[in-house]
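The chains referred to below are lettered A, B, ... by the order of the sequence lines, with proteins before strands, and numbering in each begins at 1. The structure displayed is predicted, hence computed values, not measured ones.
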2 protein chains.
Amino acid sequence: MDVLTAADARAADATLAASRALLGVVARSVVATLDVVSLPQFRVLVVLSSAGPTRMGTVAERMGVIPSTFSRFIDRMVAGGWVERAASPDSRREVLLELTASGRRLVDDVTEHRRADISAILSTMTPDQQSSLQHALQAFADAAGEPQAADLLTLGL
Amino acid sequence: MDVLTAADARAADATLAASRALLGVVARSVVATLDVVSLPQFRVLVVLSSAGPTRMGTVAERMGVIPSTFSRFIDRMVAGGWVERAASPDSRREVLLELTASGRRLVDDVTEHRRADISAILSTMTPDQQSSLQHALQAFADAAGEPQAADLLTLGL
DNA sequence: TACAACAATTGTCTAAGTACACATTACGGA
DNA sequence: TCCGTAATGTGTACTTAGACAATTGTTGTA
């Protein structure tokens, strides 16, 4: 390992350590929902929230489970009132999955919770700090590119 | 909404976007392990990795499960070769839990994976950007205070 | 119009994760 | 030394998650 790589590793460590607080915010927002839905269930809500009504098989595939498992998994979510099965306009053998009002509200609440937490923290920083944070994070997000949806999905994010 | 609030919203948005990128990194590192250990099991490894050998009851409490549940849960992890029960030097009725070499390696691999990902992202940024990112995150961390370990743990962080 | 392929569900089974009640062993103070 | 309490483990039962096989209903095509 040459000098540059070692320095890189230190910088990466420092960045990860500093980012822990940010991760804490996200974790808290999700953890708050775990009383009402499990993490896998929340993942489904997130998928439907971003993709809109989606075929059973498609969501099952995204979740990485086989359709039979998924069907009964969805039974529970329907019973809980988070999602609904709906007829597909394309084909009568397809079943679309969509969020109920409760399901949508849950996802929105998590996002809102997260944003409020972040705002609260930002409000204790000076305008200068806020501005430089904004630019630095923007650069980071650009450098990172879009995260793989499948990866985020695993953690329900 | 006045000007200040709009600026706040922009900073909050940038922070949310960055948190998403960051989560992508973290999630990807954890996802890679889920073939061999479940998320609850990985959480135990994380606890032991940071706290060292720890009493059964203490870890059970951190995991939020009752001791009887935890005992059999640990049976499975012992069978998997990830942790070991060890006699406590303090008291013969206490049982310490510690990582095996495999367990430690698994956690280390995840950490290393995560560090490498961050390094890769940082390497596409200018040194100036890297430095300001680190300082900005540090400022955020200072403003946020210590994240609740329990929240992070839920996601295996 | 048959028939093969497809989408979802149901039948059956296994294992993980969880709780509650109880048993076992070990400590520690009266 | 005795006895209450603490730490862990067992017996039992339930839910969730997952797989594979078989079934039902639908589509599309030879």
Side-chain angles (χ1 to χ4, degrees), chain A residues 31 33-48 51 53-98 150 153-156, chain B residues 30-31 33-48 51 53-98 103 150 153-156:
Chain A
V31 167
T33 73
L34 295 184
D35 288 336
V36 290
V37 293
S38 68
L39 203 48
Q41 288 183 347
F42 187 70
R43 284 162 59 191
V44 169
L45 298 183
V46 170
V47 168
L48 296 179
T54 310
R55 276 203 315 107
M56 290 285 290
T58 304
V59 184
E61 194 177 359
R62 287 226 214 162
M63 295 284 292
V65 299
I66 68 177
S68 67
T69 295
F70 191 65
S71 186
R72 264 166 296 210
F73 176 87
I74 289 303
D75 288 345
R76 288 188 288 273
M77 293 195 73
V78 169
W82 307 111
V83 298
E84 279 176 340
R85 286 181 169 94
S88 164
D90 295 341
S91 161
R92 267 190 301 172
R93 67 181 162 183
E94 297 178 353
V95 173
L96 294 186
L97 220 51
E98 57 188 26
L153 197 51
T154 302
L155 293 184
Chain B
V30 175
V31 167
T33 74
L34 296 184
D35 289 334
V36 290
V37 293
S38 67
L39 196 52
Q41 289 184 351
F42 185 71
R43 287 163 56 196
V44 168
L45 298 184
V46 169
V47 169
L48 294 180
T54 310
R55 275 205 317 104
M56 290 284 290
T58 305
V59 184
E61 193 177 0
R62 288 227 214 161
M63 294 284 294
V65 298
I66 67 178
S68 68
T69 293
F70 193 64
S71 186
R72 264 166 299 204
F73 176 90
I74 288 304
D75 288 346
R76 287 189 288 273
M77 292 195 72
V78 169
W82 306 112
V83 299
E84 280 175 340
R85 287 181 167 96
S88 164
D90 295 343
S91 158
R92 266 189 302 172
R93 68 180 162 181
E94 296 179 355
V95 173
L96 293 186
L97 221 50
E98 57 188 26
L153 188 55
T154 302
L155 297 186

Participant: What does Arg55(B) touch in the nucleic acid at a heavy-atom separation under 4.0 angstrom: a base, only the sugar-phosphate, or nothing?
Facilitator: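 It contacts sugar-phosphate atoms only.
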Participant: Given atom CG of Asp75(A) and atom C1' of dG18(D), what is their separation to the nearest angstrom?
Facilitator: 15 Å
Participant: How would you label the contact of Glu61(B) with the nucleic acid (heavy atoms, under 4.0 Å): base, sugar-phosphate, or nothing?
Facilitator: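 Nothing: the residue Glu61(B), judged by heavy atoms under 4.0 Å, touches no strand.
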Participant: Within a strict 4.5 Å, meaning less than it, do heavy atoms of the Arg85(A) and Met56(A) side chains meet?
Facilitator: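 When only atoms from C-beta onward are counted, Met56(A) and Arg85(A) do touch, with a gap below 4.5 Å.
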Participant: Tell me whether the side-chain N or O atoms of Thr69(B) pair up with the base of dA19(C) as donor and acceptor below 3.5 Å, since no angle test is needed here.
Facilitator: yes
Participant: Has Gln41(B) got a side-chain N or O lying under 4.0 Å from the OP1 or OP2 atom of dG17(C)?
Facilitator: yes
Participant: Given atom CD1 of Ile74(B) and atom C1' of dA16(C), what is their separation to the nearest angstrom?
Facilitator: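 For the pair Ile74(B) CD1 and dA16(C) C1', the rounded distance is 13 Å.
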Participant: Quick one: pull up CG in Leu97(B) and CE in Met77(B) and give me the separation to the nearest 0.5 Å.
Facilitator: 8.0 Å
Participant: Whole Å only: how far is the CG atom of Leu96(A) from the P atom of dA8(C)?
Facilitator: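 Roughly 9 Å, once rounded to whole Å.
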Participant: Is a donor on one side and an acceptor on the other found under 3.5 Å between the side chain of Ser71(A) and the backbone of Ser68(A)?
Facilitator: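 Not at all, since once roles are kept as given, no pair shorter than 3.5 Å links the two residues.
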Participant: Just so I know, are the side chains of Glu61(B) and Phe70(B) near enough to count as touching, which here means a heavy-atom distance under 4.5 Å?
Facilitator: no
Participant: Out of dA17(D), dT18(C), dA7(D), which nucleotide sits closest to the side chain of Phe73(B)?
Facilitator: dT18(C)
Participant: Classify Ser68(B) by what it touches in the nucleic acid, base, sugar-phosphate, or nothing, heavy-atom distance under 4.0 Å.
Facilitator: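 The residue Ser68(B) makes base contact.
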Participant: Please state how far atom CD1 in Ile66(B) lies from atom P in dT10(D), giving the value in whole angstrom units.
Facilitator: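 Spelled out: CD1 on Ile66(B) to P on dT10(D) is 15 Å.
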Participant: With a 4.5 Å limit on heavy-atom distance, are the side chains of Val83(B) and Glu98(B) in contact?
Facilitator: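 They are not in contact (no side-chain heavy atoms under 4.5 Å apart), so the answer is no.
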Participant: For Met63(A) and dA17(D), give me the distance from atom CE to atom C1', rounded to whole Å.
Facilitator: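 Rounded to the whole Å, the gap is 10 Å.
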Participant: Could you state the CG-P distance from Leu97(B) to dA7(D), rounded to the nearest angstrom?
Facilitator: 16 Å
Participant: In terms of the nearest nucleotide of DNA chain C, which residue is placed more toward the 5' end: Val65(B) or Arg72(A)?
Facilitator: Arg72(A)
Participant: Figure out the CD/P separation between Glu94(A) and dG28(D), and round it to whole Å.
Facilitator: 9 Å
Participant: Taking for each residue the nucleotide of DNA chain D bearing the nearest heavy atom, is the 5' side occupied by Gly64(A) or by Arg92(A)?
Facilitator: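 Looking at the nearest nucleotide for each, Gly64(A) comes out on the 5' side.
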Participant: Could you tell me how far apart Leu34(A) (CG) and dG17(C) (P) are, to the nearest whole angstrom?
Facilitator: 16 Å
Participant: Going by modelled atom types, is there a donor-acceptor pair between the base of dA6(D) and the side chain of Arg93(B) at under 3.5 Å?
Facilitator: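 Answer yes: a donor N or O sits under 3.5 Å from an acceptor.
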Participant: Which nucleotide sits closest to the side chain of Arg76(A): dG17(C), dA17(D), dT27(D)?
Facilitator: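 Taking heavy atoms from C-beta onward, the closest nucleotide is dA17(D).
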